[in-house]
K.L.:
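The structure under discussion is supplied below as structure tokens; questions concerning it will follow.
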There are 2 protein chains.
Amino acid sequence: MPLAPAVQQGRQKDSRTAILDAAERAFADLGFGGASIRAIARDADVNQAMIHYYYQNKDQLFSAVVARRSGEINTRRNLALDALFDGDIPTLEVLVEALLRPTIELGHDNERGGDAYARLIVSFNNSADDRSRRAATEHYDPIARRSIGAIMRVMPELEKAAAVRGYLFAISVALSVMAKTGRASRLSDGLCDDTDTEETVASVVAFACAGIRALANNKQK
Amino acid sequence: MPLAPAVQQGRQKDSRTAILDAAERAFADLGFGGASIRAIARDADVNQAMIHYYYQNKDQLFSAVVARRSGEINTRRNLALDALFDGDIPTLEVLVEALLRPTIELGHDNERGGDAYARLIVSFNNSADDRSRRAATEHYDPIARRSIGAIMRVMPELEKAAAVRGYLFAISVALSVMAKTGRASRLSDGLCDDTDTEETVASVVAFACAGIRALANNKQK
DNA sequence: CCCGGTTTTAATCAAACGTTTAATTAACAA
DNA sequence: TTGTTAATTAAACGTTTGATTAAAACCGGG
């Protein structure tokens, strides 16, 4: 006589998200090629055939992992952009913080598996293989285009090429603090506090805004 | 009757570097777990046992790939630091350019397999697994510490934590332009030119220096 | 010419891989 | 209860993996 589960159709959803959670950790820690379906199934406490049952194959599992997190990040960023531009044009600081905060906060939210996804997004964001390029194009290019347009509205003197560079530079800085490798603490003998979200956001925003403004002045030299 | 090779001991060194070249491409394109010894041997036109003969196992092969490129980068950076501080204190722009130029130039030097190594260094620089952490610690922490010290000499008002952050931010921006994923060109409809090394160096240096100065002003707000 | 050490080769090992299959179990409607 | 569908399982498929071995080919110095 097995223990009767209290919930009604309690089996499905638990397995699906348990697989996503385990896959997120595996892909982040070992890379796509280094992560194994078998180990993911073991970690998720699920039969390995379940992974193919729900996600068909390893590639689609990877895509599902990215889709889950990118969805909530981009929802927050789109809502923030909607709100920022319904009245006056905001300052660059307000805009950049709105763009980077959802990303940085997810990276610091360990309850939501954020630090694993952080390393994952850094990985495919800087890779050139088909799978990585597809993940970036599909899940992050639309919001990137909208963000670049927003930067140009806030700083009309910025040429488009400079705005693109500024956005990508800012994102790469934000991503580097999402993936907590322990290097900052090591190099600073413990002085740098990765865990303080507000201090991190403030530092990155200050750095990125000053950098973007410098790109505007850089052309006429 | 085989074609007689003109060179004297022509077999050894060709195999060793052919293996390193092929491994560099494989690790960069597929990650450590995705790259296979067999494919590397095939690409290098070498028997697969040769890889174990020269490099024992996959881990030491990876380490050898990193050691080769990091060696020449760090040699250039150390020489530049020696020269910069033998007289007056240089400006932040001169210092930052000296630190970032060797990295960016290697990434743009396709003859030296640079763009493959660029993606590789970005990958392990933002990963937390043992192998990646060891590569960063062993091959890049010493020059990082010296560079952070140099930044603090040029900007004495910068606290150490801010200097560490500034250095890491600057490096992450430089690395992001090394790994040419084609995203900048895609998002700018071809306006951003990844191939112009001088323009890239100028943009990154301007962005990074303004960002570092902003970190100095950020504390008293 | 043959010798000694290095380099290269083909063959093979056990283990792990992604995926598929067919059978079993659980849940709910009729 | 029975019929139907979805969820889960154990077992196996063929392939590929990193690594090892023992023998062959190559080479310059005696």
Side-chain angles (χ1 to χ4, degrees), chain A residues 1-65 129-131 134, chain B residues 1-66 129-132 134:
Chain A
M1 58 184 107
L3 291 176
V7 286
Q8 38 180 1
Q9 69 226 26
R11 292 197 296 172
Q12 176 184 7
K13 228 178 184 178
D14 285 337
S15 290
R16 287 194 78 124
T17 71
I19 291 171
L20 282 189
D21 291 343
E24 185 174 69
R25 286 190 291 269
F27 287 139
D29 290 343
L30 308 164
F32 181 84
S36 93
I37 298 274
R38 289 170 142 87
I40 292 172
R42 207 179 311 127
D43 188 26
D45 202 36
V46 145
N47 188 286
Q48 63 172 295
M50 294 297 293
I51 296 184
H52 295 92
Y53 179 69
Y54 284 122
Y55 300 103
Q56 286 68 261
N57 55 44
K58 201 179 176 183
D59 260 287
Q60 296 193 48
L61 173 62
F62 180 85
S63 182
V65 167
D129 60 292
D130 281 352
R131 179 174 35 254
R134 200 176 316 125
Chain B
M1 58 183 106
L3 291 175
V7 287
Q8 38 182 1
Q9 70 226 27
R11 292 198 298 172
Q12 175 183 9
K13 230 179 185 178
D14 285 339
S15 289
R16 288 194 78 123
T17 70
I19 291 171
L20 282 188
D21 291 342
E24 185 174 69
R25 287 189 291 268
F27 287 141
D29 291 343
L30 307 164
F32 181 83
S36 91
I37 299 273
R38 287 172 146 85
I40 292 172
R42 205 178 313 127
D43 187 25
D45 202 37
V46 145
N47 188 285
Q48 63 172 294
M50 294 298 292
I51 296 184
H52 295 93
Y53 178 70
Y54 284 122
Y55 301 103
Q56 286 68 260
N57 55 45
K58 203 179 174 182
D59 261 287
Q60 296 193 47
L61 173 62
F62 180 85
S63 183
V65 167
V66 176
D129 60 290
D130 281 352
R131 180 175 34 253
S132 299
R134 202 175 316 124

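Below, chain A is the first sequence line, B the second, and so on; all start at residue 1.
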K.L.:
Determine, for A:F62 and A:R134, whether the Lys NZ or Arg CZ falls below 6.0 Å from the six-membered ring centre while staying within 45 degrees of the axis.
P.N.:
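Pair A:R134/A:F62 does not count as cation-pi.
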K.L.:
Report, as yes or no, whether the 6.0 Å neighbourhood of atom CG on A:N57 holds more than 12 heavy atoms from other residues, nucleotides or ligands.
P.N.:
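Yes, enclosed.
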K.L.:
Using whole Å, report how far NE2 of A:H52 lies from P of D:dA7.
P.N.:
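One finds 17 Å between P of D:dA7 and NE2 of A:H52, rounded.
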K.L.:
Between B:D14 (CG) and D:dC26 (C1'), how many Å, whole number?
P.N.:
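Rounded to whole Å, this separation is 15 Å.
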K.L.:
Give the rounded distance in Å between these two atoms: CG of B:L61 and C1' of D:dA19.
P.N.:
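About 13 Å, once rounded to whole Å.
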K.L.:
Look at B:S15 and C:dT8 and indicate whether a side-chain polar atom (N or O) is within less than 4.0 Å of OP1 or OP2.
P.N.:
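For C:dT8, OP1/OP2 do have a side-chain N/O of B:S15 under 4.0 Å.
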K.L.:
Could you give the OH-to-C1' distance, from B:Y54 to D:dG18, as a whole number of Å?
P.N.:
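It works out to 19 Å between those atoms.
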K.L.:
Ignoring hydrogens and geometry, is there a side-chain-to-backbone donor-acceptor pair from A:Y53 to A:Q48 under 3.5 Å?
P.N.:
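It does not hold such a pair.
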K.L.:
In residues 31-49 of chain A, which ones come under 4.0 Å of DNA chain D, going by heavy atoms?
P.N.:
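Those residues are A:R38, A:N47, A:A49.
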K.L.:
Rounded to the nearest 0.5 Å, how far apart are CG of B:D59 and CZ of B:R131?
P.N.:
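B:D59 CG to B:R131 CZ: 5.0 Å, rounded to 0.5 Å.
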K.L.:
Choose from C:dT7, D:dG18, C:dG18 the nucleotide whose nearest atom is closest to any side-chain atom of B:Y53.
P.N.:
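Taking heavy atoms from C-beta onward, the closest nucleotide is C:dT7.
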K.L.:
Nearest to the A:K58 side chain among C:dT7, D:dA19, C:dT19, which nucleotide is it?
P.N.:
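The listed nucleotide nearest to A:K58's side chain is C:dT19.
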K.L.:
Rounded to whole angstroms, how far apart are CD on B:Q60 and C1' on D:dG18?
P.N.:
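Spelled out: CD on B:Q60 to C1' on D:dG18 is 14 Å.
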K.L.:
Does A:K58 reach the main-chain N or O of A:F32 with its side chain, forming a donor-acceptor pair under 3.5 Å?
P.N.:
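Checked: pair present.
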K.L.:
To the nearest angstrom, how far is A:M50 atom CE from C:dT19 atom C1'?
P.N.:
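Taking atom C1' of C:dT19 as the reference, CE of A:M50 is at 15 Å.
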K.L.:
Using 0.5 Å steps for rounding, measure from the CD1 atom of A:I40 to the CD1 atom of A:I37.
P.N.:
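That separation rounds to 5.5 Å.
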K.L.:
Taking CZ from A:F62 and C1' from C:dG18, how many angstroms apart are they, rounded to a whole number?
P.N.:
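Spelled out: CZ on A:F62 to C1' on C:dG18 is 17 Å.
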